[in-house]
Amino acid sequence: MTIEDLAFVHEALNRLGRSRQSLIPLLQAVQEHYGYLPAEAMESLCRDSEIIPADVTGVSTFYSQFRHVPVGRHMISVCQGTACHVKGAEAIYEAFRRELGLHDAEDTDSNRLFTLQKVACLGCCTLAPAVQIDDVTYGHLVPQEVPSLLREFLLRRPPSSFFRRENAQVSQSNFVYIGMGSCCVAKGSAQVQEAFEKALWRAGVDATVKSVGCVGMCHQTPLVEIHQGDRRTMYARVEADDALAIVRQHFGSRGLGRVRSFMDRVHAVLASQASTANEILPEDSEVRAFLAPQVHIATEQSGRLNPLDIEEYMRHGGFTGLKKAREFGAHRVVEVISASGLAGRGGAGYPTGQKWQAVRTAEGECKYAICNGDEGDPGAFMDRMLLESYPYRVIEGLAIGALAVGAANGIFYIRSEYPLAVHQITEAITNCQRKGLLDGLSLSVMQGAGAFVCGEETALIASIEGRRGTPRLRPPYPAQSGLFGKPTLVNNVETLAMVPWIIRNGAEQFKAFGTKACKGTKVFALAGKVRRGGLIEVPMGTSIRKVVEEIGGGVDASRTFKAVQIGGPSGGCIPAGGVDVPIDYQALHEHGAIMGSGGLVVLDHADCMVDIARYFLRFTQSQSCGRCTFCRVGTRRMLDILDRLCNGTAIEGDLESLEQLAVLVKKSSLCGLGRTASNPVLSTLRHFGSEYQAHLEGRCPAKKCKALISYNITDKCIGCTLCAQNCPTEAISMQPYQMHEIDSSKCTRCDTCRLVCPSGAVEVLDAKE
Amino acid sequence: MVRIIIDNQTIDVPEGSTILQAAEKLGIRIPTLCHLDGCSAMTSCYVCVVQVEGHESMVPSCATLARDGMKVRSETDDVRLARKTAIELLLSDHVGDCMGPCQIACPGGMNIPLMLRQTAAGDIDAAIRTIKYDIPLPATLGRICPAPCEKACRRRGHDSAIAICLLHKLAADADIAGSQPFIPECKAGTGKRVVIAGGGPAGLSAAYFLRQAGHEVTVIDDNSQAGGMIRRSIPSDRLPGKVLDAEIAVIQGMGVQFELNKKVGRDISVDQLRRQYEAVLMATGAVNPVGAELLADEPAAGVARIFAAGAAIGRARRLSVQAVADGRAAAGKIDRYLSGQPIEKNARRFNSTMGRLLDGEIDAMLAESCLATMPQSAEGQQPLTPSQAAKEAARCLHCDCRKGGTAEDGEPACKLKYWAQTYGASTKTYKAQRKQFEHAVHPQVIFESGKCIRCGLCIEITQKNDEPVGLCFIGRGYDLRVGAPLGRSLAEALTTCAVQCADACPTGAISIR
């Protein structure tokens, strides 16, 4: 590397600072520029700052975002979230490996065009299995589509400069609302938006295209809603090609024929003449079932607001909570929050009022308030959606919190996997400052760098300080000694999103929702084998059955509902028989699960519970910081046993050993990550013990564990050759009009043949049969 | 001050004290690995866990502050299980040997790698001390031992085994040829008298170790010279009588009495011995069946207990070195008997072993070794010059742990080994694929990352010493390790505090060369 090549490092140092605290942003900038962290750049960085080599290596090898070797031109990230896992992410990953010709430990193809990596949950759970290539997200993938996907990606037109109508009138009566949450964007809502702009221009129609936040109906994306005065019409799964037809249907008279054919294809929902969102009575029973049981507090004005339109937010009561809080004063704000019964929505459920009181009364001039947006649970995307769709609400919540505890500095810590959320919050902060709404409160954004454990507050603080995100023993709690040793308030995104509503409407209103012990509402990310996945907000105490069956529409008729995984890697599985349990911290705990941050993944008969336990443990294991023995080594030994169970190499005594170790890891780990890592194992052992026993004997009842199953073609085979054409390992030879056979020595049990078979002739057997 | 109750004992400690400090004041010893006074609480090993009333989980006593009224239990079954499990988990991720394969193979348990390091450094005095710590007759054994140690030597698979037997003979020969042969230190007299029937290798060995323990020792032998079978049956060109004489002279020099030409059963009865001495050891070899018969005897009250060693109890010992080991084991039992301790259990030394080398590991093992093959003269049993001997000894791979310790009763410098032994931890509880063995060399210390428990003490020490490069944690989770950053060498990372790091390291991961 030449001196000119290293000029960027100096520029970054000048821009971001030379202290150890700047290390993570510096590394992020260097990686953004060079594609990885070149050794020369790291040396140069150490030479010209107070940062020493030990800091660089310590930090850059802790966070999985950082790469130390050059990568291909494009980065393929295969999501490893829960929903993706149960919908076959591993097969997708293998398909990419085959297509790119990767061997052994290689991750980049020989042309250095693509680098393949597995990533923690992308938060697009309703699109599972999902893959991101650079900034383009693809959802609902199947392995055999991978080759064409890569071709399509390489051929895709370069992003055109976004089309905007010149001199367009901003109409106050006609609107086209387009959902712009990450799920919607992944399914092409940006192209849909552009198409509508063009269509309106071509039709000469006076209407305003408005991008709005997430509606929560992620299973129907992209969603478009047409407003003509008070008349509203919602279209689901809209494609760019549909734009002109929809525009003409509503605002012009031509082209009806085309609309008819389109109407046959998509769900069209005619809304009533209602004037407020709550009074919408959609004719579509599916939409009604999805929306009716919900109560929107954190997601107030769901799908109605342009996330970055500050005026609009203020027209809907935005920032009146903050104004009121200033009138109340800190003491009364804490009283109201305490009285509301609000508890931390990040998982632990600690009373928010108590936390605020502790920071408020802590001694110290300088205090900090931090919004924890490091949502990392695979299967959870509530915080992403709240940050993307309601940035002002979260900012208002943090501003109220800062006011209550006496903090002059607020920091948003958001994981870097959520670029849209980072963008929205950053813009929104600028807009708030411009409007002078923050009254001296200084707000900044720090991006995480790929470490789940940073969701733990002490690890998060270490990360903001520019160090490895290693948790420390509490007490002292951050309320006493947090960021830079100062009293610090750390609240989760969702918790803060509830705050403005509570201050505005009062504690009593909030308490009206929920149960005796748990007040208010909870946002859940509903995904997995459920018909209507999405983002929902329901009162505490709602039964899991209601969430899965009514809101989510249950599982497909061809499948059997088996269990709900709740709380992600810290939570547990509740079997189908126990779904009448209400959503309540205590009740879930008694069932061996936890509320967690709110990921709800529905599992069906084809999901192996031992595999699910292994999936979560592999996740926590990979995310352990490595500080304490029980989490670093103990979870690994548990995983060893689960691996043996799934590989058919388990030995006598493994189940007892697993359970004993699980209990000890739970009791003797330093932080919440280790203390809850055993939960998925313990809850599945408790509710699905017979499946473990079967694995010990070498059988997988769900026919999921590859080492324990074999594939066979029955006489239902019609000789269509599709299986042979799609088999990636040539385990099936092509025999037109004859019954096909699988060479099990070549078969990798990738399931492709079964998925493509039109006659259901592929069966899965126990390997031992 | 805060008042805290640990295991039903109450104590007042200053505010800000940890449970560990409070326990220390009460004389309760809580095991620790990652704790070091003067460094921050690492809360890594979790071997120091205790139960606090009202807490569901275990807490690390090293970092949990004592609070007024706190009730702590430090010795419950749950606590012991948690501690033992923490140790066993660490052991399941421990790559390295406490003892080298040579030392395990040696019936006498000689610390061969240490002896070789001393020889390589030209310190023959130190080498002989190491040898004679375990072996009373090295010059003798050096001539007749079939050297199981060399068969176990890892280097054998690479080129050839280290000439251990020859090197230890050389040191022993130099010792007895000198004006003042090495005489081990004997403890202050206990006033207890032990008689040993039989002056063969087992009897001599027992006498050697019993004398060191401070007992008065008399050896009775029916021949005119001590030495037993090895004096009579081994040709003198292989084992010259004067070599044996010189080594027996050392034992005599320690204060052991010899009564020769005296036969037990003929010149003196066993009953007489039992009345005259506090303990009797039958080490008469296979020729005398008395021992075996007597062993069945329950010792009557007020008379000496009878012990037996070597062939006297029917264990025909093909190897003299095994007879030497038997004599030492009997000495251990007699010493415990005389000091009123339970006698039966000879504590098994805890040992962690990594077993067979994986591909490529021999290169790591060779990092600190002389790469040359064995000198010609070593193969030909010709005398080696001191420099040749040093060179040969420098071929050792140092499979052992330099903090494994030598004393059976003492605490090894490796705390992991000590607590594993104390808590009866097994290396086999958790089966796992082991990681690659690594061995890095620094001018003052060696670093074997496989023995590291990731406590971070060394990292903090480099920070405190303002090392310009420093050590750091690399990676995270199960793959977490300690190393020098940005591909630097250990020498660059530790410019001033290498020895301090080695002293702080609770295991053999960083140790003095």
Side-chain angles (χ1 to χ4, degrees), chain A residues 37 39 42-43 46 52-64 68 451 453 468-476 620-641 644 651 654 657 660-661 663-671 673-675, chain B residues 33-34 40-47 49 51 56-60 62-65 78 81-83 85-93 429-433 453-456 459 462-463 466-481 483-488 492-493:
Chain A
L37 301 179
M42 295 299 99
E43 295 286 355
C46 291
I52 64 167
D55 299 330
V56 171
T57 300
V59 169
S60 68
T61 59
F62 181 86
Y63 298 96
S64 43
H68 297 83
V453 70
R468 294 167 59 88
T470 303
R472 62 160 176 80
L473 198 71
R474 299 177 304 183
T620 21
Q621 217 273 312
S622 71
Q623 299 296 332
S624 163
C625 80
R627 179 169 194 160
C628 68
T629 301
F630 281 95
C631 184
R632 184 183 71 247
V633 192
T635 57
R636 179 55 164 247
R637 297 296 165 249
M638 287 167 65
L639 183 60
D640 288 345
I641 296 174
R644 287 204 290 272
I651 48 174
D654 266 354
S657 182
Q660 191 196 48
L661 199 48
V663 171
L664 280 165
V665 167
K666 187 177 178 134
K667 269 196 196 168
S668 315
S669 292
L670 189 148
C671 80
L673 186 142
R675 274 191 230 141
Chain B
L33 296 179
C34 67
S40 40
M42 297 296 165
T43 54
S44 159
C45 72
Y46 270 67
V47 172
V49 289
Q51 279 175 313
E56 214 176 306
S57 47
M58 303 264 175
V59 303
C62 66
T64 308
L65 298 186
D78 279 355
L81 177 66
R83 289 177 183 173
T85 304
I87 294 166
E88 287 181 337
L89 288 171
L90 290 172
L91 291 175
S92 75
D93 191 31
T429 307
Y430 299 106
K431 282 168 220 58
Q433 197 172 4
I453 60 163
R454 285 77 162 170
C455 70
I459 295 173
T462 62
Q463 286 165 356
D466 287 323
E467 284 281 3
V469 173
L471 289 173
C472 63
F473 279 123
I474 302 175
R476 71 174 185 218
Y478 187 64
D479 298 321
L480 179 70
R481 59 194 177 88
L486 298 180
R488 303 294 178 83
E492 288 171 280

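Just so we're on the same page: letters track the sequence lines, and every chain starts at 1. Note: hydrogens, waters and symmetry copies are ignored here, and every other heavy atom, side chains too, is used.
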Inset, instruction - Heavy-atom distances under 4.5 Å only: say whether B/Leu486 touches chain A with side chain, backbone, both or neither. - result: both

Inset, instruction - Give the member of B/Ser44, B/Gly470, B/Cys34 that has the highest number of heavy-atom pairs under 4.5 Å with chain A. - result: B/Ser44

Legend entry - Contact summary for B/Lys431 and A/Arg644, nearest pair of heavy atoms: O-NH1, 4.1 Å

Legend entry - chain A interface, residue from B/Val49, B/Thr43, B/Val59, B/Asp479 that has the most non-hydrogen pairs under 4.5 Å: B/Thr43

Inset, instruction - Drop me the distance from B/Leu90's CG to A/Thr629's OG1, to the nearest 0.5 angstrom. - result: 4.0 Å

Inset, instruction - Please name the pair of heavy atoms, one in A/Ala54 and one in B/Pro485, separated by the smallest distance, quoted to 0.1 Å. - result: N-CG, 3.5 Å

Inset, instruction - State, with a plain yes or no, whether a side-chain heavy atom of A/Arg632 is found less than 4.5 Å away from one of B/Arg454. - result: yes

Legend entry - Heavy-atom check, side chain of B/Leu480 versus side chain of A/Arg468, under 4.5 Å: yes

Legend entry - Interchain contact, A/Ile641 with chain B, by part (heavy-atom threshold 4.5 Å): neither

Inset, instruction - Indicate yes or no: at least one non-hydrogen side-chain atom of B/Asp78 is less than 4.5 angstrom from one of A/Lys667. - result: yes

Legend entry - Test side-chain hydrogen bond (donor to acceptor under 3.5 Å, both in side chains) applied to A/Ser60 - qualifying residues, sequence neighbours left out: A/His68

Legend entry - Pair B/Ser92, A/Arg637: side-chain N/O donor-acceptor within cut-off below 3.5 Å: yes

Inset, instruction - Check whether A/Leu670 gets within reach of chain B through its side chain, its backbone, both or neither, counting any heavy atom under 4.5 Å. - result: both

Legend entry - NZ/NE/NH1/NH2 to OD/OE distance under 4.0 Å, B/Asp93 and A/Arg636: no

Legend entry - Contact check, side chains of B/Tyr478 and A/Ser622, non-hydrogen atoms, under 4.5 Å: no

Inset, instruction - Taking the side chain as every heavy atom from C-beta outward, state whether B/Glu467 and A/Ile52 have any atom pair closer than 4.5 Å. - result: no

Inset, instruction - Using atom types as modelled and distance alone, determine if a side-chain donor or acceptor of A/Ser668 lies under 3.5 Å from a backbone N or O of B/Met58. - result: no

Legend entry - Contacting moiety of A/Arg627, where chain B heavy atoms sit under 4.5 Å: both

Legend entry - A/Gln660, part contacting chain B, at a heavy-atom distance under 4.5 Å: side chain

Legend entry - Sidechain N-carboxylate O distance under 4.0 Å for A/Glu43, B/Arg488: yes

Legend entry - Partners passing side-chain hydrogen bond (donor to acceptor under 3.5 Å, both in side chains) against A/Arg472 (at least two apart in sequence or in another chain): none

Inset, instruction - For B/Thr85 and A/Phe630, work out which heavy atoms get closest and say how close. - result: CG2-CE2, 3.9 Å

Legend entry - Segment of A/Ser64 engaging chain B (4.5 angstrom heavy-atom cut-off): both

Inset, instruction - Could you look at B/Ala493 and say if it's the side chain, the backbone, both or neither that has a heavy atom under 4.5 Å from chain A? - result: neither

Legend entry - Distance (rounded to the nearest 0.5 Å) between B/Thr64 OG1 and A/Leu473 CG: 5.0 Å

Legend entry - Interchain contact, B/Glu88 with chain A, by part (heavy-atom threshold 4.5 Å): neither

Legend entry - Contact winner vs chain B - A/Cys628, A/Pro53, A/Cys46, heavy-atom pairs under 4.5 Å: A/Pro53

Inset, instruction - Could you tell me whether the side chain of A/Leu661 reaches within less than 4.5 Å of the side chain of B/Leu89, counting heavy atoms only? - result: yes

Legend entry - Over all atoms of both residues, closest heavy-atom pair of B/Ala432 and A/Asp640: CB-OD2, 4.0 Å

Legend entry - A/Thr470 portion near chain B, given a 4.5 angstrom heavy-atom threshold: neither

